[in-house]
Number of protein chains: 2
Amino acid sequence: MVQYSVKQVAKLAGVSVRTLHLYDQVELLKPAERTQAGYRLYGEAELLRLQQILFYKEMDIPLQQIGIILDDPYFDLVQALNKHKKALKARRNQIATMLNTIDKTINHLKYKDMLNYEELYDGFSKEEAAAIRKQAIEKWPKEVDHAEKALIKIGKEGFKALKQEQDDINQALISLMNEAPESPSVQFEITRHYQNIRRFWGTQNDGNPQAAAYAGLGELYVADNSYTRVNGEPNATFALFMSKAMKHFAETALVN
Amino acid sequence: MVQYSVKQVAKLAGVSVRTLHLYDQVELLKPAERTQAGYRLYGEAELLRLQQILFYKEMDIPLQQIGIILDDPYFDLVQALNKHKKALKARRNQIATMLNTIDKTINHLKYKDMLNYEELYDGFSKEEAAAIRKQAIEKWPKEVDHAEKALIKIGKEGFKALKQEQDDINQALISLMNEAPESPSVQFEITRHYQNIRRFWGTQNDGNPQAAAYAGLGELYVADNSYTRVNGEPNATFALFMSKAMKHFAETALVN
DNA sequence: GCTATGCTATGACGTAAGGTAAGGGTCAAG
DNA sequence: CTTGACCCTTACCTTACGTCATAGCATAGC
């Protein structure tokens, strides 16, 4: 009968001694016996059980559950695994969403100060050009070319009109800042705001993806309020107001 | 100047009161002031900051980091986000691996006792048929049909030969159980084992994916040792031995 | 027998982001 | 003046260990 000490087991299985102490304490893996001095001694059977524990641990199954799996012969393992699988999938989707948000934010920050496109957007202020370009990049991170061609196609006059209307809408919204973001008057202007934004975003699809994107843009305004300016100055309160109004709009008007 | 109590802020932002207490404690979000009685009072600015906190929290960024992002104007946010993105991607891939393992295990468990295919595998024992079918399903979960057609195509004689060799290899390995799993003699038999298994797995691709799959099969043997039988009885020690030998083989011989 | 070195034991604290009480003030309405 | 809703702080619980701190045991060399 071969016997192994904690350190030997730890090395064989690639875990720490502390882990073995813990597993002993929570009754997940007890040593086969103890020496007079209290040293833990493990046999082959325990090594096997440890392998099984690690097998399930690889799937991120909590230790408690592993104990049940290994000790309760009537446990419905398939059902438990399916449930766990569902949880993992949810987590995976959540991470995918976070990655999207991060990408958007990075693009946002990266191109925020990119103000050197005079030759392309000749005739507009640097700030205007950068704003347009940024919004394009946020929508089509890898298709900036396409976006810029589209903007050029609009032409200077078309773009100026677009910009004029955006300013117009902004002024209207600023004057409504004391109203509730959900109030009809605000939501009316928000509708115009949305329509105008959509021209930059193209018209590929409508409904839910657009709703989420629009609400997300509102959140972005809050995270970086240099976007929402009042009389040329970044204004945090206006940013918050806009994000609330946009969120409300997305959740009501844009629900398909 | 509008003031909000904890409960009001909590409701507005969709967080718990406890969370506000915590953020106060860790200096992430302090109330604008306190009443005589010690009640927390928040203003619009704090509401905005809370929105920003939640914005970053959505990306799973730790609170400590969020504090730095919001308070240190020289913090390189883009770099930090890129780093975080990398971590998230790693986590995503890890979850993908776990989902694969779970799928394999579920299939393994599900079809383990499916022994009613006499008509298809006529002439072989039920156990043999089930074993074949299970391995097929593990490799092609959604292409069992195809797999079974392939097996039929091999024909009874071919299959019997395959089975014979498998038994042969098993006997050889059992007799080598006292050797080290990494020893040349064991690894030689493992090579045969691998070749034979590969016939069930097809020959689509070789190299690393195969290596991981083979090592994974070894782990599966440990998790359910009814696979590795000695004289018809499940044998845990043999399972452990096999998994070690297969892992070693995968890590040395199968490295491209 | 003594000691240096290495292994082992238990106990306890820390981690992240809160949940969940316990025990006790505060405030406005009736 | 009481009631109910709200607020406060303190503190323990969660996961799966890492990291000491302190102290007992084992073995090899002298």
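Residue numbers begin at 1 in each chain, while the letters A, B, ... track the order of the sequences.
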Between CZ of B:Arg18 and P of C:dA21 the distance, given in whole Å, is 14 Å
Taking only the side-chain nitrogens and oxygens of A:Lys57, find out if one of them lies under 4.0 Å from OP1 or OP2 of D:dC17.
yes
Once you round it to whole Å, what is the distance between C1' of C:dA16 and OH of B:Tyr56?
21 Å
Phosphate oxygens OP1/OP2 of C:dG19: is one of them under 4.0 Å from a side-chain N or O of B:Ser16?
yes
Can you tell whether the side chains of A:Asp60 and A:Lys85 come within less than 4.0 Å, N to carboxylate O?
no
Taking D:dC17, D:dA16, D:dA11 as options, the one with an atom nearest any side-chain atom of A:Pro62 is D:dA16
Per nearest nucleotide of DNA chain C, the residue lying toward the 5' end, B:Tyr39 or B:Ile61, is B:Ile61
Hey, are the side chains of B:Phe249 and B:Val186 touching, using non-hydrogen atoms and a 4.5 Å cut-off?
no
Tell me the interatomic distance from A:Asp24, atom CG, to C:dT8, atom P, rounded to whole angstroms.
14 Å
What is the distance, rounded to the nearest whole Å, between atom CD of B:Gln8 and atom P of D:dC6?
10 Å
Contact class for B:Val6 vs. all strands (heavy atom < 4.0 Å): base, sugar-phosphate, or nothing?
sugar-phosphate
Measure the shortest side-chain to side-chain distance between B:Leu12 and B:Leu50 over non-hydrogen atoms and say whether it is less than 4.5 angstrom.
no
Report yes or no: is there a donor-acceptor pair, N or O only, under 3.5 Å between the side chain of A:Arg40 and the base of C:dT8?
no
Taking only N and O in the side chain of A:His21, is any of them less than 4.0 Å away from OP1 or OP2 of C:dA9?
yes
Report the distance from atom CD1 of B:Ile53 to atom C1' of C:dG18, rounded to the nearest whole Å.
14 Å
Can you find a side chain N or O atom of B:Arg34 that sits less than 4.0 Å from OP1 or OP2 on D:dT9?
yes
Is the shortest distance from a Lys or Arg side-chain nitrogen in A:Asp71 or A:Arg49 to a carboxylate oxygen in the other one below 4.0 Å?
yes
d(NZ, B:Lys7; P, D:dA5) in whole Å
9 Å
Is the count of non-hydrogen atoms from other residues, nucleotides or ligands lying under 6.0 Å from A:Lys30 atom NZ greater than 12?
yes
Closer than 4.0 Å, any side-chain N/O of A:Tyr23 to the OP1 or OP2 of D:dA16?
no
With the side chain defined as heavy atoms from C-beta on, A:Ala37 is closest, among C:dG19, C:dA17, D:dC25, to D:dC25
Below 4.0 angstrom from OP1 or OP2 of C:dT8, is there any side-chain N or O of A:Ser5?
yes
What is the distance, rounded to the nearest whole Å, between atom CD of A:Gln25 and atom P of C:dT10?
9 Å
Within 6.0 angstrom of B:Phe188 CZ, more than 12 heavy atoms from elsewhere:
no
Rounded to whole Å, CG of B:Leu29 lies from P of C:dA17 at a distance of 15 Å
Please compare B:Gln36 and B:Gln64 by the position of their nearest nucleotide in DNA chain C and report the one closer to 5'.
B:Gln64
With a non-hydrogen cut-off below 4.0 angstrom, is B:Thr35 in contact with a base, only sugar-phosphate, or nothing?
nothing
